[in-house]
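Working notes, beginning with the structure itself.
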2 protein chains.
Amino acid sequence: MQQERRRQQDRTDGTRAALLEAGRMLFVEKGFAGTSTPELVAATGLTRGALYHHYADKRALFAAVVEREAQAAAEAIETMPSVNAPLDALRVGSRVYLEAMSVPGRTRLLLLDGPAVLGLSEMDEIHARHGNRTLRQGLEAAMESGAIRRLPLAVTTEMLGALFDRAALSVAQGASLEDALAVVSAVLDGLRA
Amino acid sequence: MQQERRRQQDRTDGTRAALLEAGRMLFVEKGFAGTSTPELVAATGLTRGALYHHYADKRALFAAVVEREAQAAAEAIETMPSVNAPLDALRVGSRVYLEAMSVPGRTRLLLLDGPAVLGLSEMDEIHARHGNRTLRQGLEAAMESGAIRRLPLAVTTEMLGALFDRAALSVAQGASLEDALAVVSAVLDGLRA
DNA sequence: TTAGTAACATACAGGCTGTATGTATGCAAC
DNA sequence: GTTGCATACATACAGCCTGTATGTTACTAA
């Protein structure tokens with residue numbers, strides 16, 4: 001009974017995983033608009049029927065792919081070694097973040113197509129559901145402890161996050177990771193109280 | 001002769017202007033993917049034939065709209081009063097930039113759909129063709145004069161530009177302009193040598 | 001075993017894009 | 001001025017794609 005119920009579940013899980021995997025590959029390679037549902041299912045051996053059975057539409061599959069990517073990135077970041085000094089924690093965190101974002105395709109999914117297809121607010125919700133906390137908490141702790149200046153937390157988080165994101169994009173496009181980190185480090189340094 | 005040749009030119013210019021205007025309106029309102037060429041030409045009284053006569057495809061019209069927007073933004077920024085002290089120039093420039101980016105729809109065109117549809121490199125080319133120089137030159141001057149730390153110029157420009165862009169987006173989404181400027185100011189301050 | 005439901009596959013309707021083709025209008029030279 | 005060409009458009013068409021409706025098979029619970 002357990003086993004029979006599992007069989008259906010496994011079947012579903014396997015199909016969804018296949019669709020997510022093919023989706024990630026194609027969305028990364030050709031973008032959301034450039035990927036058609038026929039070629040998507042062709043990559044899995046299924047038909048469009050299966051796709052539309054499991055996901056409301058192409059956008060919903062894309063959202064699932066993006067959410068999975070955001071989760072993976074968040075996990076990579078949360079395994080960060082904890083650092084005592086808040087400012088050092090921010091420095092280490094930014095390096096970890098840039099490394100996490102260097103997974104091929106991740107910048108395209110999370111920073112280019114994601115915001116355009118799903119919208120900024122839905123992207124914010126996705127990030128909120130996973131690890132976006134890290135930067136905000138890091139900044140908050142650093143402000144509380146007096147390590148860096150006190151600034152409006154929400155906008156500061158958004159703006160520094162955008163700085164890191166662009167760093168990740170530049171690195172993905174060939175810029176030097178060390179150069180990017182030098183700028184990050186200088187900016188964080190400059191925020192000391 | 002001049003006059004007769006002008007008539008054709010005027011006709012072309014008028015048609016293109018109408019397409020650009022309708023394009024801007026619809027692309028801002030419904031995004032690139034959400035805007036169809038039939039509704040685009042319906043907004044001008046023309047037909048799709050005219051559109052495809054003047055532009056290679058929908059993407060080319062979108063690129064023209066984006067380029068025009070980038071140019072308008074650049075012009076608004078270049079009319080900035082010149083300031084002597086490099087660091088003050090950066091401060092004033094950032095306020096002018098945020099104001100320029102507060103034109104409705106501009107953030108969507110230049111920061112959301114533009115990069116996703118045209119790609120980062122084409123967007124960079126567009127910006128290079130217009131006013132992106134401002135920030136780069138401001139940073140360069142500030143570094144030369146010793147006002148701020150010496151950092152890799154290219155990435156620094158990209159990353160600070162992204163910081164400003166996100167500030168513009170946050171403001172466009174309801175955040176306080178003063179909060180955003182406080183962060184900008186703090187970051188610039190912190191970069192002093 | 002049987003009824004019901006979930007997991008697919010197939011078939012279809014509508015819309016959209018880009019191109020090919022047709023038409024009219026300006027323009028330049030004779 | 002009319003003849004011929006090029007430019008500016010309009011119309012028609014082919015192909016693809018999306019989402020839905022309908023059919024079929026595989027489970028599962030009673």
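No hydrogens, no waters, no symmetry mates; every other heavy atom, side chains included, goes into these values. All chains are named by letter (A, B, ...) in the order of the sequence lines, taking the proteins before the strands, and each is independently numbered beginning at 1. Just so it is clear, the model here is predicted, and its values are computed rather than measured.
Note that the CD atom of B:E99 and the CE atom of B:M80 stand 12.0 Å from one another [nearest 0.5 Å].
The distance between atom NE2 of A:H53 and atom P of D:dC27, rounded to the nearest whole Å, is 14 Å. The distance from atom CG of B:L40 to atom C1' of D:dC9 is 16 Å, rounded to the nearest whole Å. Protein atom CG of A:D57 is 17 Å distant from nucleotide atom P of D:dC17, rounded to whole Å. The NZ-C1' distance, from B:K58 to C:dG18, rounds to 12 Å in whole Å. A:D13 has its CG atom 13 Å from the C1' atom of C:dA7, to the nearest Å. The nearest whole Å value for the distance from the CG atom in A:L51 to the P atom in D:dC17 is 14 Å. To the nearest angstrom, C1' of D:dA26 lies 15 Å from CD of A:Q9.
Side-chain proximity of B:H54 to C:dC8, D:dA8, C:dT17: nearest is D:dA8. Ranking C:dG18, D:dT18, D:dT11 by closeness to the B:T47 side chain, first place goes to D:dT11. Here the side chain of B:A50 is nearest to one of D:dA10, C:dC8, C:dT17, namely D:dA10. For A:Y52, taking side-chain heavy atoms from C-beta onward, the closest of the listed nucleotides D:dG19, C:dG18, D:dA10 is D:dG19. Of the candidates D:dT18, C:dT17, C:dT10, D:dT18 carries the atom nearest the A:T37 side chain, counting heavy atoms from C-beta on.
Using cut-offs of 30° and 60° for the angle between ring planes, the B:F32 and B:F27 rings count as tilted. The aromatic rings of A:F164 and A:Y97 sit tilted relative to each other, their planes meeting at an angle between 30° and 60°.
Residues B:T35 and A:L46 each lie close to DNA chain C; by heavy-atom proximity, the contact nearer the 5' end of the strand is made by A:L46.
A:L112 and A:P115 get closest at one heavy-atom pair: O-CD, 3.5 Å.
You'll find a donor-acceptor pair under 3.5 Å spanning the side chain of B:R48 and the base of C:dG18, going by distance alone.
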